[in-house]
Trainee: 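Here you go, one structure.
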Protein chains: 2
Amino acid sequence: MRMTRQRQVILEVLKRSKDHPTADDVYDRVRKVLPKISLGTVYRNLENLTADWVIDRIENAGGQNRFDPTTTPHNHFRCVQCGRVEDLPFEVPLPEQIPDETWTRERKVIGSKFEYYGLCSECYRLNAGKKIFRKERL
Amino acid sequence: MRMTRQRQVILEVLKRSKDHPTADDVYDRVRKVLPKISLGTVYRNLENLTADWVIDRIENAGGQNRFDPTTTPHNHFRCVQCGRVEDLPFEVPLPEQIPDETWTRERKVIGSKFEYYGLCSECYRLNAGKKIFRKERL
DNA sequence: ATAATTGCAAACAGTTTGCCCCTAT
DNA sequence: ATAGGGGCAAACTGTTTGCAATTAT
């Protein structure tokens, strides 16, 4: 991987971000430094950096993906209303080994993912009392 | 919600599926019974059924959403290569309560999600020895 | 020198929507 | 009878790709 100015700035922006920005977010922030960069370049770099494990992609089918400068294991809280992703400020005690060996032997288990979901503080305040997550729960 | 023939068949197809089909998958299967149904109708129904908690949408993955006829809590294994989602054939011991009360008070935590990911048995066999998940791991 | 990378635009995939007709209640 | 739902196509959003020009190594 060549270290171009674009890649450098994208990476800096990302490493400085604590909010797990979307590709658009990154694009907007990078453009303040490199106004002529194209969205395609941002996508290509996010892809390459993800492939090389420099950053992490938080996937979200249907909506926008988000990118995480932290590649060491940690867990997230996801807002089901606005899509915001926050790091959990505490550890979650997760099982260290998979109980079923027959199951494990048949596939390659690479890792696991845990997250809480709900309403972030802002959406919670804005929606106090309203039923907004699907129809009848919350 | 009116019970139309289309909704009925979509629901039947889904309840019979153990593989967490995508909207396309559902469309293909439903078309064997109702060849004239439109993809839009399938999407609209999957959306409504999800909103009414009749089915579940599996959305934190790349690519297409998948749909799950089981709405009671259970966990998944996701293949990072083909996207397939399987139910885990065992229970995962997850934390029952969130350790940090200050954190909890500020937002509305609705639930949590846990999954293993890796290569399903088919992709594992096909890719034995190859490095296919991102660049240098596996 | 040359292979990787860029900007740009066009293409793509998945999903949603508007409109007008139809049908379950 | 009438509001909710269907079919169809067009629109939309997020992401990827082809190409010719540029740049890090």
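To find a chain, count down the sequence lines: A is the first, B the second, and so on, and within it residues start at 1.
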Trainee: Do B:Asn45 and B:Gln6 get their side chains close enough for a donor-acceptor pair, meaning under 3.5 Å?
Mentor: no

Trainee: I'd like to know if B:Arg44 reaches the base of D:dG4 with its side chain such that a donor and an acceptor end up less than 3.5 angstrom apart.
Mentor: no

Trainee: Which comes earlier along DNA chain C counting from the 5' end, the contact point of B:Leu39 or that of A:Val42, where each point is its nearest nucleotide?
Mentor: A:Val42

Trainee: Could you go over nucleotides 21-24 of chain D and give all protein N or O partners under 3.5 Å, atom names and distances?
Mentor:
{"residue": "D:dT23", "atom": "O2", "partner": "A:Arg2", "partner atom": "NH1", "Å": "3.3"}
{"residue": "D:dT23", "atom": "O2", "partner": "A:Arg2", "partner atom": "NH2", "Å": "2.8"}
{"residue": "D:dA24", "atom": "O4'", "partner": "A:Arg2", "partner atom": "NE", "Å": "3.2"}
{"residue": "D:dA24", "atom": "O4'", "partner": "A:Arg2", "partner atom": "NH2", "Å": "3.3"}

Trainee: Could you check how far CD1 of A:Ile10 sits from C1' of C:dG7, rounded to whole Å?
Mentor: 13 Å

Trainee: The test is side-chain hydrogen bond (donor to acceptor under 3.5 Å, both in side chains); show your working for A:Ser17 and A:Arg29 and say whether it passes.
Mentor: CA-CA 10 Å; A:Ser17 300; A:Arg29 293 171 203 182; 3.0 Å; yes

Trainee: Quick test: give all pairs of protein nitrogen or oxygen and nucleotides 9-14 of chain D nitrogen or oxygen below 3.5 Å, distance rounded to 0.1 Å.
Mentor:
{"residue": "D:dG14", "atom": "OP1", "partner": "A:Gln64", "partner atom": "OE1", "Å": "3.2"}

Trainee: CD1 of B:Ile37 versus C1' of D:dG6: gap in Å, rounded?
Mentor: 8 Å

Trainee: Within the structure provided, determine whether B:Lys113 and A:Arg78 are in side-chain contact (heavy-atom separation under 4.5 Å).
Mentor: no

Trainee: Which residue pairs pass the salt bridge (Lys or Arg N to Asp or Glu O under 4.0 Å) test with at least one member in residues 41-51 of chain B, sequence neighbours excluded?
Mentor: B:Glu47-B:Arg57

Trainee: Applying side-chain hydrogen bond (donor to acceptor under 3.5 Å, both in side chains), name anything that partners B:Ser121, two or more places apart in sequence or on another chain.
Mentor: none

Trainee: Taking atom types as modelled, find out whether B:Asp87 and B:His20 have a side-chain donor-acceptor pair closer than 3.5 angstrom.
Mentor: yes

Trainee: Does a nitrogen or oxygen in the side chain of B:Gln8 sit under 4.0 Å from OP1 or OP2 of C:dA24?
Mentor: no

Trainee: Could you tell me which residues satisfy side-chain hydrogen bond (donor to acceptor under 3.5 Å, both in side chains) with B:Glu59, sequence neighbours excluded, listed by chain and number?
Mentor: none

Trainee: Return the set of residues passing side-chain hydrogen bond (donor to acceptor under 3.5 Å, both in side chains) with B:Ser112 (not counting sequence neighbours), or none when no residue passes.
Mentor: none

Trainee: Would you say the side chains of B:Asp68 and B:His74 form a donor-acceptor pair under 3.5 Å?
Mentor: yes

Trainee: Output the rounded distance in Å from CE (A:Met1) to C1' (C:dT5).
Mentor: 12 Å

Trainee: How many Å lie between OH on A:Tyr27 and C1' on D:dT16, as a whole number?
Mentor: 16 Å

Trainee: Taking CG from A:Leu34 and P from C:dC8, how many angstroms apart are they, rounded to a whole number?
Mentor: 12 Å

Trainee: Return whichever of A:Asn45 or B:Thr41 has its heavy-atom-nearest nucleotide of DNA chain C closer to the 5' end.
Mentor: A:Asn45

Trainee: Can you tell me how far P of C:dC8 sits from CZ of A:Arg31, to the nearest Å?
Mentor: 11 Å

Trainee: In whole angstroms, how far is the P atom of C:dG14 from the CG atom of B:Asp28?
Mentor: 12 Å

Trainee: Write down the distance between CD (A:Glu47) and P (C:dA4), rounded to a whole number of angstrom.
Mentor: 16 Å

Trainee: At under 4.0 Å, does any side-chain N or O of B:Asn48 touch on OP1 or OP2 of D:dG4?
Mentor: no

